[in-house]
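Numbered from 1 within each chain, the chains take letters A, B, ... in sequence-line order. For the numbers below, each heavy atom of this structure counts, side chains included, while hydrogens, waters and symmetry mates do not.
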Amino acid sequence: MSTPADRTYNPTAIESEWQANWERDGTNSFTLDELRAAERPFYNLMMFPYPSAEGLHVGNIYAFTGADVHGRFKRMQGHDVFEPIGFDAFGIHSENFALKAGVHPMDLIPANVANFTRQLRRMGGMFDWSHTVDTTAPEYYRWTQWLFLQFFKHGLAERKEAPVNWCPSDMTVLANEQVVVGACERCGTPVEQRFIRQWFLKITEYAGRLLDNLSEIDWSDTTRKAQRAWIRRSRGAEIRFPVAAEGTERAEAGDRTMIPVFTTRPDTVFGATYMVLAPEHPLVDAVTSDDRREDVNAYRARTRAMDLVARQKIEKHKTGVFTGGYCMNPATRRPIPVWIADYVLMGYGTGAIMAVPGHDERDFDFATGYGLPIVRVVAAEGEDADTPLDIAYEYPQGRLVNSGRYDGRSPEDAQRAIVEDLAADGLAESQENFRLHDWCISRQRYWGPPIPIIHCDDCGPVAVPEEDLPVVLPRVEDFRPDESGISPLARVRDWHEVPCPSCGRDATRETDVSDTFLDSAWYFLRYPSTDFGDRPFDPGITRRWLPVDAYIGGNEHAVLHLLYARFVAMALHDMGWLGFEEPFTQFRAHGLIIREGAKMSKSKGNVIVPDPIIERYGADTFRLYLMFLGPFMAGGDYQDKGISGPHGFLHRLWESVVPRQGELGEGPPDPGLEPKLHRTIQRVTEQIAGLRYNTAIAAMMEYLNAARTGGRTPVRSEVEPLVRLVAPFAPHMAEELWRRLGNRESIFEGANWPAFDPARAAELEVRVAVQVNGKVRGTVSAPKGADREAVTALARGEPNVARHLDGMDIRRVIHVPDRLLNFVVARAAVGSL
RNA sequence: GCCGAGGUGGCGGAACCGGUAGACGCGAAGGUCUCAAAAACCUUUGCCCUUGCGGGCGUGAGGGUUCGAGUCCCUCCCUCGGCACCA
């Protein structure tokens with residue numbers, strides 16, 4: 001016999017009980033056999049969090065709840081839903097926090113992970129805790145290192161020199177985000193540029209495929225567009241400019257050194273009146289004349305002193321210096337001066353440009369500033385070869401002028417012809433270029449997986465043999481970088497001094513660690529295979545479970561994580577490790593939670609701490625509220641008082657299923673309510689599938705309101721379907737009510753999603769709006785499907801409608817069945833002039 | 001500057017394919033219960049005029065198409081997000 005206390009909704013008690021039940025019964029986890037045997041596998045992935053010391057952020061809970069609702073929904077529809085979660089715990093963020101707090105990351109991270117785990121269980125996610133991942137565990141990063149070695153062995157990892165931001169005071173490399181207006185964000189010291197040999201993964205070799213595949217995958221449009229813009233393909237040509245002999249302006253094609261440039265406008269080559277090299281360009285020394293050397297070196301030093309962010313982002317007029325050298329314009333066959341300027345970037349194209357000031361805004365500015373010649377080579381409608389240029393004319397429309405035998409041709413036409421003709425002399429070829437850069441994975445830091453390479457004077461960089469993996473990150477108490485300017489691990493001599501695996505002589509380990517994004521580029525491959533200690537991912541399991549069916553995450557990862565993960569999968573596919581090249585069949589970007597007009601952040605002081613809210617209202621209410629705030633893919637505005645709405649709804653639902661006194665009534669649904677019930681099932685089903693959770697919840701509220709109007713007590717057959725519908729949002733309460741309705745198994749075991757019956761959803765009577773000249777003048781109740789004549793008759797009987805028709809000629813009657821009737825009228829001609 | 005998303009009551013947000021704008025919720029006002037308060041429940045709630053019936057106005061601004069426009073077209077304004085010397 002139940003007591004009154006049993007009959008009140010007590011979220012805290014219910015939630016901890018059900019969380020314990022799920023754990024005990026393995027409701028949400030798969031054994032290895034179950035993974036192997038799953039008949040309708042559905043891999044539901046969410047972006048694993050970085051376990052910060054602050055604990056789970058509302059933004060995390062929002063994202064995970066949205067993904068979890070979808071996963072639970074799929075499960076109730078009969079899929080075998082695998083929903084893992086893990087921790088992305090390496091990286092500069094933890095390391096900086098550890099430095100500031102004076103804790104070692106190896107102590108900090110486990111504590112944070114424990115706290116996150118507690119919070120994640122508490123929010124009621126359907127996580128498979130038997131397949132979790134922690135990127136800092138040697139048994140995980142062993143395979144991150146393995147992954148790097150596969151790239152190395154296939155020639156997709158190479159070591160080259162690259163600029164980094166360097167803080168001379170903190171003696172450390174900074175990420176671009178850590179540089180604020182040219183200074184270190186922590187100490188304010190001006191940042192300088194250093195060149196360091198680093199490891200790169202050759203993602204650019206995949207640029208074309210990464211771009212082309214985008215049109216094939218079911219991803220949020222915003223994300224695909226962001227990736228397209230990031231990769232960005234430019235079609236054009238490489239043109240080679242022969243360098244003039246030292247001290248002369250003469251150059252012959254053929255045996256001289258060539259400077260290649262990339263251009264999207266080969267049609268303007270006759271207008272190239274000078275050339276500009278990036279200050280770091282390897283040929284600068286060779287072209288510089290002795291009398292210019294001092295100025296050139298001074299300019300290069302100044303560029304180097306500037307951090308990478310400032311150089312690219314701060315608006316300023318363009319600067320540069322003349323090298324004293326010349327090269328030959330292969331089209332005009334005349335010498336042009338070679339300059340260096342920091343507006344040309346070493347990282348794009350060839351690091352050198354042919355400057356066409358007449359038809360490029362940047363070159364125009366530079367030429368104007370330094371008095372360099374500006375020549376028009378394209379004339380628009382109404383212009384000719386001599387029309388002066390007061391700004392650069394950048395459009396490829398018009399005809400060529402001052403371009404020798406190409407005069408009069410359209411730019412498009414000339415492009416083809418010029419490239420072809422120059423190509424005949426070996427001076428040009430068509431080329432496409434990508435904005436995407438190779439992926440630098442070296443970090444001169446401590447908190448990451450050591451890159452598994454051993455440097456040997458005789459053999460060069462040698463892979464650590466796979467059987468020696470993992471290369472364990474040693475515990476180092478002082479992990480702050482020092483004046484040596486290289487990685488903290490470089491100080492741990494007994495760690496990095498090892499024999500060469502190839503020749504056995506003294507050698508040294510690579511002391512850089514790899515980028516966190518490498519850890520997260522493959523974690524989804526690991527989850528289903530965590531049962532295997534001897535392989536990164538099991539072929540059978542992977543074949544069954546991958547690619548990921550649904551991935552939900554923030555759009556802040558649109559270009560880095562999501563691009564790297566695609567690249568890694570594509571490369572593994574080519575190496576024969578995977579049978580697919582796109583890892584995420586579907587990706588949806590969720591929106592952001594806003595509070596008090598801004599994204600929640602510590603500095604804004606508008607952060608909501610989840611624990612107290614869950615204590616007061618329960619996780620079910622919190623989940624429901626977060627999903628009710630706005631469209632999941634658009635985000636929402638967190639209003640503190642708003643939570644009482646969803647909370648009240650859950651209360652009323654509880655009391656409808658567990659009445660304070662008496663028993664829940666039996667019998668069929670009320671005939672007046674039944675169509676609404678079936679329409680609600682339909683709407684909720686469609687809207688959850690489309691991730692429009694806010695309207696799904698509104699539909700459920702509307703239905704419950706209708707079932708309870710006038711203090712009416714609903715019967716079992718009216719509320720039981722609602723318990724099923726609400727289950728993805730409020731899983732604990734749904735379990736409890738499901739049990740109290742007499743079921744012995746979890747509501748999530750078995751396909752318990754309600755079916756809707758279109759026949760029963762149909763209304764017999766509908767309200768039809770009646771308009772006169774497009775203005776609503778009343779409504780009439782009509783049998784569903786009533787024809788124009790019937791509705792017109794009813795409408796004319798409506799007093800207010802009749803009043804507006806009085807004295808009018810009806811010109812037309814527009815009828816939209818079951819919705820609207822519109823009389824188009826004009827004043828009767830009786831008294832007209 | 002370029003690309004993307006968006007502008008609807010006091011607030012968050014609904015609105016199928018062009019067909020009753022404001023669902024659902026918050027807040028507010030009035031009421032029931034209570035010694036009182038909280039909670040709960042009921043009623044009202046876009047703005048203006050009207051005792052009521054009803055009428056006028058209304059989806060960032062202006063124009064257009066249409067019987068009918070939040071929705072489609074043109075011009076403009078504003079907000080947010082991303083990219084930013086990419087040759």
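The side chain of A:V344 approaches B:rA87 more closely than any other nucleotide in the set B:rC24, B:rA87, B:rC26. Of the listed nucleotides (B:rG25, B:rA23, B:rG27), B:rA23 has the atom at the smallest distance from the side chain of A:A698. Between B:rG25, B:rG12, B:rA87, one nucleotide has an atom nearer to the side chain of A:D637 than all others, and that is B:rG12. Checked against B:rA15, B:rC11, B:rC26, the side chain of A:T695 finds its nearest nucleotide in B:rA15. Distances were taken from every side-chain heavy atom of A:L345 (C-beta onward) to each of B:rA87, B:rG25, B:rG55; the shortest belongs to B:rA87. The side chain of A:E702 approaches B:rA23 more closely than any other nucleotide in the set B:rA87, B:rC26, B:rA23.
Exactly one residue among A:Y625, A:F628, A:Y62, A:F729 makes a ring-ring contact (aromatic ring centres under 6.0 Å, His included) with A:Y693. That residue is A:F729.
Put simply, A:R228 has no side-chain N or O that comes within less than 4.0 Å of OP1 or OP2 on B:rG82. For the OP1/OP2 pair of B:rC16 and a distance below 4.0 Å, the side-chain nitrogens and oxygens of A:R683 include no atom meeting the criterion. Within the 4.0 Å cut-off from OP1 or OP2 of B:rA69, not a single side-chain nitrogen or oxygen of A:K775 is found. The shortest distance between the side-chain N/O atoms of A:H647 and the OP1/OP2 oxygens of B:rC26 is not below 4.0 Å. The side chain of A:R595 places no N or O atom within less than 4.0 Å of a non-bridging phosphate oxygen (OP1 or OP2) of B:rG12. Using a 4.0 Å cut-off, some side-chain N or O of A:N694 falls inside it from OP1 or OP2 of B:rA14. A sub-4.0 Å separation between OP1 or OP2 of B:rG25 and a side-chain N or O of A:N705 is present.
Comparing the C1' positions of B:rG82 and B:rU45 gives a spacing of 41 Å, expressed to the nearest Å. B:rC17 and B:rG13 have their C1' atoms separated by 23 Å, given to the nearest Å. B:rU20 sits 16 Å from B:rC72 when the P atoms are compared, rounded to a whole Å.
The aromatic rings of A:Y9 and A:H651 sit perpendicular to each other, their planes meeting at more than 60°, with 30° as the lower class boundary. Using bins of under 30°, 30° to 60° and over 60° for the plane-to-plane angle, the ring pair A:Y393/A:H359 lands in the perpendicular bin.
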Write out a two-atom table: protein N or O, nucleotide N or O from nucleotides 19-22 of chain B, distance below 3.5 Å.
{"residue": "B:rG19", "atom": "O2'", "partner": "A:R819", "partner atom": "NE", "Å": "3.2"}
{"residue": "B:rU20", "atom": "OP2", "partner": "A:R819", "partner atom": "NH2", "Å": "3.4"}

